[in-house]
Amino acid sequence: MSVFGSVRLGLGERGYDVVVGRDLLAEADKHVGPLLARPQVAVVTDANVEKLHLATLTAALARGGIRAHTIVLPAGEETKSFAQLEKLLDKLLEARIERSDTILALGGGVIGDITGFAAATLRRGTPVIQVPTTLLAQVDAAIGGKTGIDTRHGKNLVGAFHQPRLVLSDVGVLDTLPRRELLAGYAEVVKYGLLGDARFFSWLEQNGRQVITGDVAARNYAVLTSARMKVEIVQGDERESGARALLNLGHTFAHALETELGYDGRLLHGEAVAAGLVLAFELSQRLGLVKAADSARVRRHLTQIGLPAGLPAAAPASGWDPRRLLEHMRQDKKVKAGALTFILVKAIGNAYVSRDVSEADVLGVLDAELAA
Ligand code: GLY
């Protein structure tokens with residue numbers, strides 16, 4: 001077997017393994033088979049991943065005597081819609097997928113989210129296995145049971161917590177990922193070091209380039225270490241009433257930047273997160289919490305790796321406007337009783353949730369960034 005390592009998310013009967021390694025799609029029958037009530041699954045994927053990886057997965061399932069009913073959705077964020085959810089549920093029902101059958105989500109965050117949500121609602125809850133094919137999904141989206149779709153009121157506003165039965169992360173599939181997407185996913189890897197593991201961040205400073213260029217050992221280690229941190233956080237706070245919010249380090253800034261650009265592809269989520277990580281450190285530094293040297297390290301590493309480190313170059317035609325960004329933050333779903341939520345840092349690897357950041361300080365950071 002090609003397993004590098006695995007980590008168990010301990011949620012009692014709903015616990016599951018996150019398995020990381022190479023060539024795992026080609027041996028999927030061995031991992032998936034023991035979890036099935038009968039040798040039959042539905043595989044949901046998108047048109048891009050279908051071309052690259054579906055045959056490898058279905059061949060492995062067939063070798064294990066597992067029948068696969070395949071459903072292919074259009075690629076892209078627009079797929080996370082009510083219309084596509086309805087079509088997907090229709091197809092699953094047409095295929096007579098029963099409540100004890102298992103649905104495999106083969107793809108990035110979009111496929112994982114909509115398939116997980118369909119599984120959560122199909123026959124009031126059907127098992128799902130996540131087979132993430134992007135770095136971002138392997139280190140974040142596929143783990144922890146958040147599922148959902150976007151609506152005209154905002155992203156991920158309709159959904160459910162529905163934990164998978166297994167997360168199967170084959171780092172080999174990252175070889176076919178466009179470099180820009182790989183880098184965007186890497187921002188979430190850096191996030192783990194910054195929020196809770198200074199040694200991991202130091203390791204990334206030394207080895208991050210190998211993770212990007214395709215070194216299997218480096219990718220295995222980065223994905224498993226990130227998965228382990230996500231597992232620990234979700235285990236302690238499945239429904240995000242406390243520590244799970246730490247996973248939003250950099251995200252209040254990131255969502256404001258993405259909203260301002262209208263999610264039109266100029267700025268990928270991970271690129272916005274990279275920018276947000278730097279801004280979160282700058283904000284913490286402004287509040288006297290973190291040393292300038294720590295902020296400088298974060299900025300340096302993201303720049304070296306090729307990610308935005310500060311307000312992104314991809315800006316609206318009229319340039320970034322701090323007041324408009326602040327307006328978006330006020331609409332953020334993390335706003336509670338009118339107070340903005342920020343994850344602040346005391347050092348690299350030491351983050352906490354704060355609800356008492358003043359708008360003046362947020363504007364101060366953005367204005368300083370624009371002037372730099
Ligand atoms: N992606 C953030 C979370 O799973 O909580």
Side-chain angles (χ1 to χ4, degrees), residues 7-11 14-16 18 20 77 80 105 107-117 119-120 128-130 132-150 154-167 169 181 184-197 222-259 263 268-277 280 332-336 341-343 345 351-353:
V7 51
R8 181 138 188 105
L9 206 159
L11 289 173
R14 293 178 301 116
Y16 55 94
V18 180
V20 176
E77 182 75 26
K80 276 176 61 173
V110 168
I111 288 297
D113 279 1
I114 188 170
T115 306
F117 188 37
V128 66
I129 286 177
Q130 295 284 350
T133 58
T134 63
L135 181 57
L136 189 133
Q138 291 188 352
V139 300
D140 187 13
I143 306 166
K146 280 191 183 174
T147 73
I149 55 170
D150 303 334
K155 285 165 70 81
N156 297 320
L157 291 180
V158 172
F161 284 95
H162 187 54
Q163 298 294 346
R165 295 287 164 95
L166 168 72
V167 179
S169 290
E181 282 218 30
Y186 182 80
E188 301 280 2
V189 175
V190 172
K191 182 189 75 178
Y192 289 109
L194 298 180
L195 74 86
D197 188 346
V223 172
L224 187 64
T225 306
S226 302
R228 190 169 281 135
M229 286 197 66
K230 174 121 191 202
V231 159
E232 266 170 32
I233 290 172
V234 171
Q235 219 164 245
D237 178 24
E238 185 185 5
R239 297 281 170 139
E240 197 168 321
S241 50
R244 188 163 181 168
L246 295 178
L247 295 169
N248 292 323
L249 178 60
H251 282 59
T252 301
F253 286 110
H255 289 150
L257 297 169
E258 289 180 280
T259 305
Y263 298 94
L268 299 179
H269 175 65
E271 293 168 341
V273 167
L277 293 173
D332 196 286
K333 63 178 177 306
K334 294 186 289 300
V335 168
K336 263 198 190 157
T341 303
F342 282 92
I343 312 306
V345 279
Y352 71 100
V353 184

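In each ligand, atom 1 is the first atom listed, and ligand 1 is the first ligand listed.
Listed by atom number, the atoms of ligand 1 under 4.0 Å from E240 heavy atoms are 5 (O). Here is the list of ligand 1 atoms found below 4.0 Å of a heavy atom in L247: 3 (C), 5 (O).
Side chain of R8 to backbone of G15: a donor-acceptor contact under 3.5 angstrom is found.
Among K191, E238, K146, K230, the residue whose heavy atom sits closest to atom 4 (O) of ligand 1 is K230.
Residue D140 forms a side-chain contact (heavy atoms from CB on, under 4.5 Å) with just one option from E188, K146, H269, and that option is E188.
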Decide yes or no on side-chain hydrogen bond (donor to acceptor under 3.5 Å, both in side chains) for Y263 and E77, but give the supporting numbers first.
CA-CA 9 Å; Y263 298 94; E77 182 75 26; over 6 Å; no
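A pairwise comparison of heavy atoms in A105 and Q130 identifies CB-OE1, 3.5 Å as the closest pair.
Closest to atom 1 (N) of ligand 1 among all protein heavy atoms lies D140 OD1, 3.0 Å. Nearest to atom 5 (O) of ligand 1 among the protein's heavy atoms is R244 NE, 2.7 Å.
For R244, the CZ atom is densely surrounded, since the number of other residues' heavy atoms within 6.0 Å is greater than 12.
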